Structure formats: C-alpha cells, structure tokens
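Every value quoted in this text rests on a predicted model; they were computed, and no experiment measured them.
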Amino acid sequence: MQQGSELQGRVALVTGASSGIGRASAIALAAAGAQVVVNHRAAGDSQARAAAVVEEIQRSGGQAVTAAADISREDHVDLLFKAVIAHYGRLDILINNAGIEQPAPIADMTLADWQRVIDVNLTGHFLCARAAAKQFTLNPANPARQGLATGNIIFISSVHEVIPWAFQVNYAASKGGIAMLMKSLAQELGPAKVRVNSIAPGAIRTPINQPAWDTPDSLANLLKLIPYGRIGEPEDVARAAVWLASDASDYVTGTTLFVDGGMTLYPEFRGAG
Ligand code: NAD
C-alpha cells in the first residue's frame with residue numbers, strides 16, 4: 001500500500017476490521033497517515049485476525065491497535081469508545097463497517113434472524129455514530145483544522161439500500177434504514193461541521209458473500225449483474241473510504257457513494273425493455 005499523509009494527525013475507528021472491507025479500510029487509512037483502532041468481535045478467531053491487521057499496518061510504518069467489542073451492545077460500545085480515547089486521546093473518523101447476513105425465506109425467518117441483523121447492521125451503527133458524535137464535541141481543539149470538518153462518519157451500507165433482496169429482507173431493511181440514518185444525521189450534524197456519508201458497495205470479494213464468487217459458475221452468474229465486468233475487491237471500497245475521510249471531499253455530506261461496478265444501473269435492461 002502506498003504511503004500518504006492526507007489523514008496525518010487524525011484518529012480513525014473501523015468497526016468489524018478483522019476481515020474484508022473493514023480490514024482493507026483500516027490498512028488504507030493507516031497508509032494515509034491515520035492512527036487506527038481495529039475493532040473486532042471477541043468471538044472466534046477475530047482477535048487473532050485483528051492482531052494480524054495491526055501487525056501488517058505496523059510493518060508498513062503505520063500506527064494501529066486492536067479493540068474488542070460487539071457493536072450491537074451498548075455497554076460494549078461505551079467501553080470501545082473509552083478504549084479509543086484512552087489510547088489516542090481523540091477520535092476524528094468513524095468507519096461504521098461491521099455487518100452480517102442471515103438469509104431465510106420469509107416464512108422461515110425467525111424473529112431472532114430478523115433481530116440479530118437489525119441489531120448489528122442498524123442499531124450497532126446507530127450506537128457507534130452516537131458515541132462518535134458525542135466524542136467529536138469533546139476532542140481537543142486543533143487550530144490547524146480551522147474551517148475544516150471536526151468529525152467524519154462513514155457508513156458502509158450496500159447496494160441493497162436501494163435494490164430489494166428476496167430472502168434477505170432483514171439485511172435489505174437494515175441497509176435501507178442506514179440510508180435515512182445517514183442522511184438525517186448529516187442534516188443534524190452539518191452545523192457542527194461533522195460530515196456524514198455512506199459507501200454502498202456492490203459485490204465485493206469478502207467472506208460475507210463467499211458462495212456468490214467462489215466457484216466459476218457462481219462468479220459467472222454474479223458477473224451478469226455487474227456492467228463493469230469484474231467483482232469488486234475490498235481495496236476498491238477502502239480507497240473510497242480514504243477519500244471520503246479526507247479533506248479532498250470536504251464539501252461532501254449526506255450522500256451515498258456507490259462503489260458497485262454499475263450494479264445499481266439495472267443491467268438486465270441492457271438491450272431490453
Ligand atoms: P466480512 O464478513 O469480512 O466483514 C464483516 C465484519 O464485521 C467481520 O469482521 C465480523 O467479525 C464483523 N462483525 C460482525 N458482527 C459484529 C459485531 N456485532 N461487532 C463487531 N464486529 C462484528 O464482510 P464484508 O463484506 O467486509 O462486510 C463489511 C460491510 O460491508 C458489512 O456492513 C456488509 O454489509 C457490507 N457490504 C459488503 C458487501 C460485499 O459484497 N462483501 C456488499 C455490500 C455491503
């Protein structure tokens with residue numbers, strides 16, 4: 001990863017950063033000069049994978065630490081933000097990334113299937129955004145940033161904030177909710193010079209959607225939905241996150257940046273309709 005300085009002096013928290021888009025974003029933000037907190041779940045091998053992300057950042061000369069927390073739990077989020085401040089003393093950028101899928105036909109979707117996805121993908125993002133918004137007002141003043149954003153929140157949404165998704169009504173509802181959470185928050189926090197935006201990835205090669213790309217047949221089917229003709233890589237999203245987090249996008253707030261190879265362009269209408 002090329003080293004830059006556009007985020008020098010800024011502290012960034014990336015949730016769900018032990019894999020996929022979160023991992024790539026943590027690495028890219030650190031390469032752009034940010035001090036990064038790599039959040040991960042306490043469960044499974046997430047701790048070891050998060051530690052590997054931190055090692056990778058440090059090997060490249062960047063700064064990062066791990067912090068365990070289930071972002072769907074208010075008590076965990078409180079402790080997570082305390083850990084960020086204890087370590088770095090401030091927070092400038094939140095990448096609200098952690099997310100899950102739990103698909104089922106509607107008749108078989110249990111309340112627990114519904115609730116867990118809403119808890120992580122929507123309520124968890126609310127809890128972290130609320131804590132970040134509070135922290136931005138408590139940050140030590142930085143005279144070098146006069147007139148620029150005092151805080152920056154980026155939601156990792158999905159093309160499913162606009163594309164309906166049969167058998168994943170919980171996931172699509174959570175991402176549709178993120179669209180209005182993001183816009184309402186951007187409207188509310190604009191006067192405090194906090195920028196709030198979303199990135200809506202299309203199909204990105206990560207563990208969350210592995211069955212959609214890990215055989216030649218499934219990949220060929222997936223590519224029919226992508227006019228640009230390739231699956232996305234986590235780094236495609238990470239580069240967009242660095243831009244949205246940087247002053248290069250200072251006048252951008254309340255918008256969703258689709259990073260989807262054209263998936264939202266109704267490709268099935270090409271030559272039809
Ligand atoms: P991923 O499974 O690699 O990453 C999700 C991460 O979130 C994992 O590290 C997981 O441990 C973490 N996580 C899950 N629940 C958590 C919790 N309660 N607390 C803390 N961390 C938790 O998949 P990904 O594709 O990198 O997903 C990242 C985000 O991108 C998600 O919000 C997902 O909905 C979104 N997204 C992904 C795609 C895609 O094609 N991969 C497309 C659109 C949107």
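At a threshold of 4.5 Å between non-hydrogen side-chain atoms, the residues Phe81 and Cys128 count as touching. The shortest distance between side-chain heavy atoms of Arg10 and Leu7 falls below 4.5 Å. Residues Val14 and Val38 have side chains not in contact (no heavy-atom distance under 4.5 Å, counting atoms from C-beta outward). Using a 4.5 Å heavy-atom threshold, the side chains of Ile153 and Phe136 count as touching. Looking at heavy atoms from C-beta onward, Gln47 lies in side-chain contact with His40 at the 4.5 angstrom threshold. Side-chain contact between Phe258 and Val162 is present, with heavy atoms from C-beta onward closer than 4.5 Å. Taking the side chain as every heavy atom from C-beta outward, Gln63 and Ile57 never approach each other to under 4.5 Å. For the pair Arg230 and Tyr228, the minimum side-chain heavy-atom distance is below 4.5 Å.
With sequence neighbours excluded, the residues that form a side chain to side chain contact (heavy atoms under 4.5 Å, CB included) with Ile208 are Glu101, Thr206.
Between Ser174 and Val117, the shortest heavy-atom contact is OG-CG1, 4.1 Å. Contact record, Val37 with Ala67: CG1-CB, 3.7 Å, taken as the closest heavy-atom pair. Nearest approach of Leu244 to Arg195, heavy atoms of both residues: O-NH2, 3.0 Å. What you find for Pro201 and Ser157 is that their closest heavy atoms are CD-O, 3.4 Å. Shown here for Asn121 and Lys175, the closest heavy-atom pair between the two residues is ND2-CE, 4.1 Å. The two residues Leu94 and Ala132 make their nearest non-hydrogen contact at CD2-CB, 3.9 Å.
Ion pairing of Asp70 with Arg116 is present here, as a side-chain N (NZ or NE/NH1/NH2) and a carboxylate O approach within less than 4.0 Å. A salt bridge does not link Asp236 to Arg205: none of the charged nitrogens lies less than 4.0 Å from a carboxylate oxygen. Residues Glu74 and Arg130 are paired through a salt bridge, judged by an N-O separation under 4.0 Å between the basic side chain and the carboxylate. Using a cut-off of 4.0 Å between Lys/Arg side-chain N and Asp/Glu carboxylate O, Arg145 and Asp92 are scored as not salt-bridged.
Under the 4.5 Å side-chain heavy-atom criterion for ILVMFWY residues, no single connected hydrophobic cluster contains both Leu265 and Ile163. Under the 4.5 Å side-chain heavy-atom criterion for Ile, Leu, Val, Met, Phe, Trp and Tyr, Met182 and Val77 are members of the same hydrophobic cluster. Leu29 and Val194 fall into different hydrophobic clusters, where Ile, Leu, Val, Met, Phe, Trp and Tyr side chains are chained together by heavy-atom contacts under 4.5 Å. Cluster membership for Val259 and Ile226, using ILVMFWY side-chain heavy atoms within less than 4.5 angstrom, is not shared. There is no path of hydrophobic side-chain contacts, each under 4.5 Å, that joins Ile71 to Ile154.
Remark: side-chain polar atoms of Asp113 are paired, donor with acceptor, to backbone N or O of Thr110 under 3.5 angstrom. Using a distance-only test at 3.5 Å, with no hydrogens or angles considered, no donor-acceptor pair links the side chain of Ser184 to the main chain of Leu181. The main-chain N or O of Ala248 is found under 3.5 Å from a side-chain atom of Ser246 such that the two form a donor-acceptor pair. Put simply, the side chain of Ser5 never gets that close to the backbone of Gly33: no donor and acceptor are under 3.5 Å apart.
A donor-acceptor pair shorter than 3.5 Å cannot be found between the side chains of Ser218 and Asn221. Under 3.5 Å, the side chains of Asp119 and Ser72 contain no donor-acceptor pair of N or O atoms. For Asp217 and Thr215, the side-chain atoms include no donor-acceptor pair closer than 3.5 Å. Judged purely by distance below 3.5 Å, without hydrogens or angles, the side chains of Ser198 and Glu161 never pair a donor atom with an acceptor atom.
Note that OG1 of Thr150 and CG of Asn139 are 8.0 Å apart. Values are rounded to the nearest 0.5 Å. For the atom pair Leu222 CG and Trp213 CH2, the distance stands at 11.0 Å (nearest 0.5 Å). Taking CG from Asn39 and NE2 from His76, the interatomic distance works out to 11.0 Å, rounded to the nearest 0.5 Å. To the nearest 0.5 Å, atoms CD (Glu6) and OG (Ser249) are separated by 10.5 Å. Atom CD in Gln102 sits 12.5 Å away from atom CH2 in Trp114 (nearest 0.5 Å). If you take CG on Leu80 and CG on Leu91, they are separated by 9.0 Å, rounding to the nearest 0.5 Å.
Residue Phe155 is tested with Ile199, Val196, Ile95 for a side chain to side chain contact (heavy atoms under 4.5 Å, CB included); the sole match is Val196.
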task = Let me see the working for Ser18 and Arg41 under side chain to side chain donor-acceptor pair (under 3.5 Å), right down to the final yes or no.
result = CA-CA 8 Å; Ser18 62; Arg41 279 187 303 188; over 6 Å; no
message = Pair Val65, Tyr88 - check side chain to side chain contact (heavy atoms under 4.5 Å, CB included), show working.
response = CA-CA 10 Å; Val65 289; Tyr88 287 128; 4.0 Å; yes
inquiry  = side chain to side chain contact (heavy atoms under 4.5 Å, CB included) for Arg23 and Glu56? Distances and angles first, verdict last.
reply    = CA-CA 10 Å; Arg23 173 184 175 277; Glu56 185 171 342; 2.8 Å; yes
message = With side chain to side chain contact (heavy atoms under 4.5 Å, CB included) as the criterion, how do Val53 and Ile27 come out once you've worked through the C-alpha distance, each side chain's angles and the decisive distance to 0.1 Å?
response = CA-CA 7 Å; Val53 175; Ile27 291 169; 4.2 Å; yes
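Taking a 6.0 Å sphere around CD of Gln187, one finds it holds 12 or fewer heavy atoms contributed by other residues, nucleotides or ligands. The neighbour count for Glu268 CD, taken as heavy atoms of other residues, nucleotides or ligands under 6.0 Å away, is above 12.
A parallel orientation is assigned to the rings of His160 and Trp165, their planes being inclined by less than 30° (bins at 30° and 60°).
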